[in-house]
Amino acid sequence: MIARLAPFLFGSIALALWEGLVRALEVPAYILPAPSLVVAAFAADPVGLLVSLFSTLTVTFAALLVAAVLGAAMAIGMAASRFAQAAIQPWAVALQVTPLPAIAPLIIIWVGDPFASLVVCATIVAFFPLFANTATGLASPPPELTDLFRLYGAGRVRTLLLLRVPAAIPYFLSGLRISGGLALVGAVVAELVAGSGGFASGLAYRILEASYRLEMPRMFAALVLLALAGIAINYGLGAVGVLLMRRRGDA
Amino acid sequence: MLTLANVGRRFPSGTEALRDASLRLQTGDFVALLGPSGCGKSTLLRLIAGLDAPNTGTLTWDAGQPPAPGEIGYVFQDATLLPWATTEENVFLPLRLRGLSRTQARPDIAAVLARVGLTGFEHARPRQLSGGMRMRVSIARALVTRPRLLLMDEPFAALDEFTRHRLQSDLLSLWRDLRCTVVFVTHSIYEAAFLARRVVLMTPRPGRIAREMTSNLAPSAETRLDPAYAALVARITQGMEAAL
Ligand SMILES: Nc1ncnc2c1ncn2[C@@H]1O[C@H](COP(=O)(O)OP(=O)(O)OP(=O)(O)O)[C@@H](O)[C@H]1O
Ligand SMILES: [Mg+2]
């Protein structure tokens with residue numbers, strides 16, 4: 001119980017300290033706004049900020065979906081054929097080590113459509129944990145079980161369907177949880193790179209806009225929304241994973 | 001049933017696990033492969049199962065060809081069940097891989113579960129079962145195809161002594177009822193003496209078959225108290241010491 005309350009307790013103390021110090025030291029709002037000002041900035045335009053949040057989340061979940069389908073499909077393809085493994089592996093790593101801000105401008109130019117290019121950028125960031133986790137899970141069954149399938153004459157496809165894919169599901173789900181947060185990061189980075197030339201409606205765009213206008217409280221409000229969204233995605237996907245594992249009966 | 005002649009197995013890593021192993025398996029026999037860790041017992045069992053191939057020597061089946069899938073049952077040291085599947089689904093697996101539907105398989109599954117004393121646990125998951133019960137599921141899975149040959153690789157090594165004794169006695173009565181051939185790998189002299197009609201002693205690296213001994217004990221639950229059992233344990237112990 002105490003451990004559950006601890007983050008809230010810690011947050012409240014930090015916020016109170018922040019509010020107190022900003023007031024006592026008379027820090028100007030354009031450098032560090034007090035929490036009360038941030039709340040006021042949100043209250044001044046809740047719809048605008050929430051619509052932007054919705055826009056960013058749409059990109060995030062679209063990217064997560066694409067990354068989940070692609071990551072799982074490529075991992076399964078790799079497990080099914082040694083040739084596919086040799087062909088795919090180095091490219092997956094190359095994709096992972098390339099910094100998104102470095103390739104985002106190129107993607108935005110190539111893809112053209114702003115929404116699609118943001119989704120592509122976020123997908124690139126979210127792809128790897130899903131792909132790598134699924135691949136690890138597909139290889140996780142102990143050699144005895146693989147031997148057992150061979151003993152009963154099961155071919156590659158049957159072993160994949162009845163043994164390796166079911167074994168990979170928990171790994172896939174924990175990859176999904178990691179990638180959820182990363183997709184949000186990818187969406188925000190892509191929006192920042194795209195700037196006003198892009199989709200011009202996401203939370204990152206609100207942050208840029210507020211910073212040009214030195215509206216620090218609004219910028220903080222947008223940041224807080226982003227952080228809360230990230231936490232919700234992380235815990236939400238974690239809960240979905242636990243639920244699915246419990247339904248299957250192995251958690 | 002099977003003759004192994006001068007079988008050798010050297011792994012690509014250079015380890016010579018088995019050299020010149022010759023062995024004859026009679027139908028209906030209960031053979032214990034006994035030897036210290038690393039002497040190639042598992043390797044020999046995998047060769048018999050067709051999961052691995054020898055570098056030298058031959059395996060000749062009396063039937064003229066190796067057994068079809070399902071004619072060999074295999075039990076590993078760990079139960080190696082599918083953790084997400086129920087008892088029934090785990091036992092169904094070999095039949096499923098042979099193309100049977102669950103409805104077709106249900107009578108066989110129920111019969112074999114009853115035989116190993118797991119009636120009522122059809123819908124339990126492996127983690128809800130004790131180690132001994134998991135091993136019973138594993139044995140049921142190996143028996144559900146009615147194999148002619150049952151290969152067991154230290155199946156009871158990870159169990160406590162009480163559970164082990166129960167399972168050993170149950171295995172003996174299974175063997176008498178089902179009349180299949182059993183090759184049982186163990187590193188316990190007591191286990192070999194209690195279970196086997198024939199004890200094959202192996203020496204380590206490269207694994208060789210040192211000698212064979214036959215048991216004339218009547219397989220029964222009271223065997224452990226029989227002075228003849230103690231004498232057999234002593235004879236195997238001497239044989240093992242001479243071989244090492
Ligand atoms: N796939 C493999 N590749 C390389 N070496 C192997 C392989 N399998 C087994 N060995 C080696 O062959 C030797 C015999 O192994 P094996 O598993 O047959 O022994 P064992 O008698 O079953 O031992 P234990 O009682 O510990 O199970 C060991 O030295 C082992 O390290
Ligand atoms: Mg072994």
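First the proteins, then the strands, lettered A, B, ... as listed; each starts at 1. Computed from a predicted model, the values in this text were never measured in an experiment.
- Using modelled atom types, one side-chain atom of B:R125 and one backbone atom of A:R248 make a donor-acceptor pair closer than 3.5 Å.
- The environment of B:F11 atom CZ is dense: over 12 non-hydrogen atoms of other residues, nucleotides or ligands sit within 6.0 angstrom.
- Every residue meeting the salt bridge (Lys or Arg N to Asp or Glu O under 4.0 Å) condition with B:R19, not counting sequence neighbours, appears here in chain and number order: B:E16.
- Listed in order of number, the residues of residues 140-156 of chain B that approach chain A to under 4.5 Å between heavy atoms are B:R141, B:A142, B:T145.
- Open room surrounds CZ on B:R166; 12 or fewer heavy atoms of other groups in view lie less than 6.0 Å from it.
- Applying a 4.5 Å heavy-atom cutoff, the residues of residues 50-86 of chain B that approach chain A are B:L51, B:P69, B:G70, B:I72, B:G73, B:Y74, B:F76, B:T80, B:L81, B:L82, B:P83, B:W84.
- Heavy-atom contacts from other residues, nucleotides or ligands closer than 6.0 Å to CZ of B:R96 number 12 or fewer.
- Among A:P141, A:P166, A:P142, the residue making the largest number of heavy-atom pairs under 4.5 Å with chain B is A:P166.
- Interface residues of residues 154-165 of chain A toward chain B, defined by a heavy-atom distance below 4.5 Å and sorted by number: A:A154, A:R158, A:L162, A:L163.
- B:R46 touches chain A through its side chain: at least one heavy atom from C-beta onward sits under 4.5 Å away, while N, CA, C and O do not.
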